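None of these values were measured; they are calculated from a predicted model.
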Amino acid sequence: MRAIVRKTLIDLSGWRRVLGLILVGMAVPLVSMSSYRSTLQNRSWSVEMQTHYMVSNFLTMSFIYVAGLFLALMVAITAAGFVSKEVNEGTLLMLVSKPIERSKIVIGKFLALIVHAVLIEAIILILLSMVFRFALPIQDHTFVALLGTIPWIIMYSLLVVLIFGSVSLALSSLIGVHTLSTAVGTILVIFVFAFGSIVMPFVYMGYGISGNSFTDAWEDDISWVSRINPCYHLGNAFTPYMQQSSGGQLMPVSQLGLINSLTWVFENEDDDVFVGDSRYYYPAELSKAVHPWVSLALCLVVSVLGLLSARWAIRRMDVH
C-alpha cells in the first residue's frame, strides 16, 4: 500500500499541476483583495477592529471558496479518475495483478489524496496570509491572527476532503467511466453548495415569509429544510472551527452574511441595538436546527459509506 500511496502522490505532484491548483485556489481571494484594501483605507480602525474585519473575511472566503468550492471540486475531480481512469486506460489490470489486495488500492489512493489536498490547502492559506500582510495596510497583530486561523481551517478542510474524496472515489469505482464519474462528481459538488441558496427563497415564498421574520419562521416552520440541506451541515460543522479560530465566540451575522446565504446556519440580527449613532453587534447564534456535532457526525458517516462503497465496488469489479 505504501507503493500505491507513493505512486499516487508522484502522479498528483507534477509542478505544473501543483502551480495551477495554487493559482486557482488563490484567484478569488486575490480578486477580493481590492475590496479589503478600500475598506481598510477608508476607515480609521483600531488594530482590534482591523483584525476582526480581516479574520471574519478570511474565514468567510475560506469556507466558501478555498476550503469550500475550490477544494471540493479539486478533490472530486481528482478522486473521480482514481479507478475509472485506470479502467479506461487499461492500467487497472496491471495494478490488480500485483500482490496487493484491491481494497488497499482504494485506501492507498485515498490516503495520497488526503495528504496532497491538505498540503495544497495549507500552501494556499499561508501564501494568502503573506500576500494580505504586504499588499494590504494591516498590522503584524492582524497578520498573526490570520495565521492563527489556518490550523483550524485545515482541520475543517480535512473533513471536506474526506467527504468529497470518498464519495467521488465511490463514483469512480461504481461507474468505471472517467468522464461520467467526473461529471457526476462535479454536479454533486455544485448541488451541495447551491442547495440552500436555491431552495430557501422558494420555501420562504411558499410560507409568505420575509427576511425580517427569519427567526420565527425557522423555529416554527422550516427547520426541516436545514436538516436536508447538505450545505447547512457543512456550515454547521464549520462553526466549531470558526469559533475557535476567531477567539472563542462566533462573529456577528452581519460579518458572516455570505456564509449564511449558503448555509442558513445563523439566526438573524434582530438583537443588534443602536446606542446613539453606534450600532452594537452581538455574536451570532446558531439556528439550532441540528447540533454542530451531529452535522459533523453525519459528514463522517457519509465519508465512511463512500469509502466502503469504493472498496466493495473494486472488489467486485471484473478487470480484464
Ring pair (Phe, Tyr, Trp, His ring centres under 6.0 Å) filter on F58, not counting sequence neighbours, yields none
Q.
Could you check whether any side-chain N or O of S172 sits under 3.5 Å from a backbone N or O of V83, counting only pairs where one atom can act as donor and the other as acceptor?
A. yes
- Message: Is it the case that the side chain of Q249 and the backbone of Q243 share a donor-acceptor pair, with hydrogens and angles ignored and the cut-off at 3.5 Å?
- Response: no
Under a side-chain separation threshold of 4.5 Å, the hydrophobic residues clustered together with V304 are L308
To the nearest 0.5 Å, atom CG of L125 lies from atom CE of M26 at 10.0 Å
Would N229 and H233 satisfy side chain to side chain contact (heavy atoms under 4.5 Å, CB included), going step by step from the backbone distance to the final call? CA-CA 7 Å; N229 180 3; H233 290 291; 5.8 Å; no
Heavy atoms of A72 and V189 approach each other most closely as CB-CG1, 3.7 Å
From the list I153, L69, T239, T263, side chain to side chain contact (heavy atoms under 4.5 Å, CB included) partner of F63 resolves to T263
CD1 (I190) and CZ (F195) are apart, to the nearest 0.5 Å, by 15.5 Å
Exercise. Spell out, yes or no, whether W312 and I314 are grouped together once hydrophobic residues are joined by side-chain heavy atoms under 4.5 Å, including indirect joins.
Key: no
For V47, the other hydrophobic cluster members (4.5 Å side-chain criterion, sorted by chain and number) are none
Smallest heavy-atom separation, Y65 atom then G25 atom, equals CE2-O, 3.3 Å
Apart from V301 itself, members of its ILVMFWY cluster (side-chain separation under 4.5 Å) are L305
Residue set satisfying salt bridge (charged side-chain N to carboxylate O under 4.0 Å, His left out) with R311, at least two apart, ordered chain then number -> none
One should read off an interatomic distance between Q139 CD and L40 CG, to the nearest 0.5 angstrom, of 10.0 Å
Residues passing the side chain to side chain donor-acceptor pair (under 3.5 Å) test with S173, sequence neighbours excluded, are none
Distance col, row H178:NE2 vs L180:CG, nearest 0.5 angstrom, shows 11.0 Å
In terms of heavy-atom contacts, I259 and F266 come closest through CG2-CE1, 4.2 Å
Scanning both residues in full, the closest heavy-atom pair of L234 with V192 reads CD1-CG1, 3.7 Å
(Q) Can a donor-acceptor pair be found, under 3.5 Å and without considering hydrogens, that links the side chain of N236 to the backbone of V290? (A) yes
**Study point:** Worked check of side chain to side chain contact (heavy atoms under 4.5 Å, CB included) between L256 and L59
**Key:** CA-CA 9 Å; L256 302 171; L59 289 172; 5.7 Å; no
What donor-acceptor contacts under 3.5 angstrom involve side-chain atoms of residues 115-124, with partners at least two apart or in another chain?
| residue | atom | partner | partner atom | Å |
| --- | --- | --- | --- | --- |
| H116 | NE2 | R17 | NH1 | 2.8 |
| E121 | OE2 | A67 | N | 3.4 |
| E121 | OE2 | S157 | OG | 3.2 |

So Y156 and P240, do their side chains get closer than 4.5 Å, heavy atoms only? no
Assess, by modelled atom type and distance only, whether the side chains of T51 and T142 contain a donor and an acceptor separated by less than 3.5 Å.
yes
query = Hey, does I138 have a side-chain heavy atom less than 4.5 Å from the side chain of L146?
reply = yes
Here the gap from I105 atom CD1 to R315 atom CZ, rounded to the nearest 0.5 Å, amounts to 11.5 Å
Is any side-chain heavy atom of T8 closer than 4.5 Å to a side-chain heavy atom of L113? no
> Side chains of V75 and V160: does their closest heavy-atom pair fall under 4.5 Å?
Replying inline: no
Next on the checklist: Under a 3.5 Å distance rule, please check whether S56 uses its side chain to pair with a backbone N or O of Y53 as donor and acceptor.
Outcome noted: yes
For W15, the hydrophobic cluster (side chain heavy atoms closer than 4.5 Å, chained through members) also holds L19, L23
Audit row: I64, V28, side chain to side chain contact (heavy atoms under 4.5 Å, CB included) steps and yes/no
CA-CA 10 Å; I64 293 176; V28 172; over 6 Å; no
On a heavy-atom basis, the closest approach of V66 and L71 is O-CB, 3.4 Å
| said: Looking at T149 and S245, would you say the former's side chain and the latter's main chain have a donor-acceptor pair under 3.5 Å? | reply: no
For residues 122-133, the salt bridge (charged side-chain N to carboxylate O under 4.0 Å, His left out) pairs (sequence neighbours left out) are R133-D140
V265 and G235 have their tightest heavy-atom pair at CG2-C, 3.7 Å
To the nearest 0.5 Å, atom OG of S181 lies from atom CG of L188 at 12.5 Å
*Do S129 and F143 come within less than 4.5 Å of each other through their side chains, counting heavy atoms only?*
yes
Polar side-chain atom of S38 near backbone of S34 as donor-acceptor pair, under 3.5 Å: no
Applying ring pair (Phe, Tyr, Trp, His ring centres under 6.0 Å) to F193 and not counting sequence neighbours gives none
Y36 meets the ring pair (Phe, Tyr, Trp, His ring centres under 6.0 Å) criterion, sequence neighbours left out, with F132
Would you mind writing out the side-chain donor-acceptor pairs for residues 161-171 within the sub-3.5 Å range, not counting sequence neighbours?
| residue | atom | partner | partner atom | Å |
| --- | --- | --- | --- | --- |
| S166 | OG | L162 | O | 2.6 |
| S166 | OG | I163 | O | 3.0 |
| S166 | OG | S303 | O | 3.2 |
| S168 | OG | A76 | O | 3.4 |
| S168 | OG | F164 | O | 3.0 |

### Query
In terms of hydrophobic clustering (I, L, V, M, F, W, Y; side-chain heavy atoms under 4.5 Å; direct or indirect links), are I77 and I114 co-clustered?
no
task: Is it possible for you to say whether M74 and I126 belong to one hydrophobic cluster, with membership spreading through side-chain heavy-atom contacts below 4.5 Å?
output: yes
Would you say that M54 contacts L136 through its side chain, given a criterion of any heavy-atom pair below 4.5 Å between the two side chains? yes
Where do W264 and S287 land on the side chain to side chain contact (heavy atoms under 4.5 Å, CB included) test, with the steps shown first?
CA-CA 8 Å; W264 301 98; S287 64; over 6 Å; no
Open item on the list: I'd like to know if I107 and L174 are part of one continuous hydrophobic network [Ile/Leu/Val/Met/Phe/Trp/Tyr, side-chain heavy atoms within less than 4.5 Å].
Closed with: no
Check: Going by atom types only, do Q255 and H52 share a side-chain donor-acceptor pair under 3.5 Å?
Finding: yes
V144 reachable from L128 in the ILVMFWY side-chain graph, under 4.5 Å edges: no
